[in-house]
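Working notes, beginning with the structure itself.
Computed from a prediction, not measured in an experiment: that's the story for all the values here.
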Amino acid sequence: EFRRVLFRSLKGAVEEYKPPERSGDRGVAVYRDRAHCRYQLGHVADAQADIKVALDKYPRNPFIVDLAAAIAIRGGHYARAQEFLKDLAEIEPRKENYHHRLSTLYAAKKEFDQALREADLASGRKPPLHEIFTNRIDILIELKRFDEALAALATIEQQFKGRAAKDVQ
């Protein structure tokens with residue numbers, strides 16, 4: 001049910017967790033997935049509360065640790081994000097995912113040269129992830145490297161053609 005609702009509405013997906021939680025479901029998926037939805041909605045405090053529960057249950061799960069880092073970054077808690085990133089460096093089997101999250105931290109801190117170095121390392125991920133490339137484009141724009149940003153945008157437009165990745169701005 002969650003996945004069906006998620007693709008229609010993040011708010012609806014968050015609401016879908018109320019019945020399982022009321023019925024006593026304390027599985028990690030409830031907290032992890034709801035944290036992800038709340039993060040996407042920009043509800044950082046609520047996302048932090050949910051991801052804390054998920055981390056308490058599975059502190060070495062790369063997806064959960066990555067999401068915890070992303071939430072901390074969005075909330076401006078950079079030192080906490082750095083702690084999560086230290087853990088992620090140890091447990092993430094795909095190092096490109098680690099480099100992507102580190103890139104988002106540097107970008108949030110407006111350290112765009114370092115952010116671009118990490119984004120370039122992340123860009124080698126197979127299979128590619130749309131958000132890795134759009135993050136890199138955002139950084140190029142911040143660095144006022146507009147021609148490179150346009151070229152990268154054209155490349156990912158072709159690479160992800162026909163997929164649901166229509167959020168390049």
Side-chain angles (χ1 to χ4, degrees), residues 2-14 32-48 50-51 61-89 91-169:
F2 162 73
R3 301 274 180 221
R4 182 175 56 81
V5 173
L6 173 61
F7 290 108
R8 284 186 283 140
S9 162
L10 287 168
K11 289 179 183 175
V14 169
R32 178 197 62 217
D33 292 349
R34 187 171 60 191
H36 178 76
C37 292
R38 287 175 164 171
Y39 165 77
Q40 292 293 331
L41 289 166
H43 302 165
V44 175
D46 292 333
Q48 286 174 330
D50 282 338
I51 203 64
N61 178 292
F63 178 79
I64 292 172
V65 175
D66 178 66
L67 182 56
I71 293 166
I73 291 165
R74 181 163 296 167
H77 304 288
Y78 302 140
R80 185 74 177 127
Q82 192 66 49
E83 292 173 26
F84 290 129
L85 283 164
K86 183 180 175 207
D87 292 343
L88 192 62
I91 62 173
E92 176 56 69
R94 287 187 168 168
K95 295 307 174 196
E96 296 89 356
N97 293 348
Y98 162 76
H99 291 295
H100 169 64
R101 189 59 59 215
L102 185 56
S103 175
T104 64
L105 174 63
Y106 285 135
K109 294 168 56 176
K110 309 229 181 284
E111 296 173 11
F112 296 114
D113 289 323
Q114 287 181 284
L116 183 59
R117 279 192 288 281
E118 295 299 329
D120 286 341
L121 290 170
S123 295
R125 186 184 189 282
K126 303 287 182 221
L129 288 181
H130 181 259
E131 71 180 84
I132 288 174
F133 294 109
T134 56
N135 176 59
R136 185 175 181 278
I137 291 168
D138 288 342
I139 294 164
L140 288 169
I141 291 168
E142 291 292 341
L143 290 169
K144 299 187 182 344
R145 292 166 60 173
F146 302 119
D147 290 340
E148 289 176 72
L150 279 173
L153 184 59
T155 299
I156 67 165
E157 186 176 42
Q158 289 305 310
Q159 187 171 12
F160 293 93
K161 192 175 190 91
R163 292 175 54 185
K166 298 184 189 304
D167 63 344
V168 179
Q169 296 178 18

*How many angstroms lie between atom CG of Leu102 and atom CG of Leu85, to the nearest 0.5 angstrom?*
5.5 Å
*Kindly indicate, with the supporting measurements, whether the criterion side-chain contact (heavy atoms from CB on, under 4.5 Å) is fulfilled by Leu129 and His100.*
CA-CA 10 Å; Leu129 288 181; His100 169 64; over 6 Å; no
*Would you call Glu83-Arg80 a salt bridge at under 4.0 Å N-O?*
yes
*Quick one: pull up CZ in Phe146 and CG in Leu153 and give me the separation to the nearest 0.5 Å.*
13.5 Å
*Does atom NZ of Lys95 have more than 12 heavy-atom neighbours from other groups under 6.0 Å away?*
yes
*side-chain contact (heavy atoms from CB on, under 4.5 Å) assessment of Gln114 paired with Glu118*: CA-CA 6 Å; Gln114 287 181 284; Glu118 295 299 329; 5.7 Å; no
*Look up atom CD1 in Ile64 and atom CG in Leu88, then write down how far apart they are to the nearest 0.5 Å.*
12.0 Å
*At what distance, to the nearest 0.5 angstrom, does CD1 of Ile71 lie from NE2 of His77?*
10.5 Å
*Heavy atoms only: give me the nearest Asp66-Asn97 pair and the separation to one decimal.*
OD1-O, 4.4 Å
_Give me the atom names and distance for the closest heavy-atom approach of Ala122 to Glu96._
CB-O, 3.4 Å
*If every non-hydrogen atom of Ile73 is compared with every non-hydrogen atom of Ala81, which pair is closest and at what distance?*
CG1-CB, 3.6 Å
*Got a second to check how far Asp50's CG is from His36's NE2, nearest 0.5 Å?*
12.5 Å
*asked:* I need the minimum non-hydrogen distance between Ala115 and Ala107, along with the two atoms involved.
replied: CB-N, 3.6 Å
*How long is the gap from CD1 on Ile137 to CD on Glu142, to the nearest 0.5 Å?*
13.5 Å
*Under 3.5 Å donor-acceptor, Tyr78 side chain and Ala108 backbone*: yes
_Atom of Pro128, atom of Phe133 and distance for their closest heavy-atom approach_ = CB-CE1, 3.4 Å
_What verdict does the side-chain contact (heavy atoms from CB on, under 4.5 Å) test give for Tyr39 and Val44, after you've listed the backbone C-alpha separation in whole Å, the side-chain angles of each residue and the deciding distance to 0.1 Å?_
CA-CA 6 Å; Tyr39 165 77; Val44 175; 5.9 Å; no
*Ser103 side chain to His99 backbone, donor-acceptor under 3.5 Å*: no
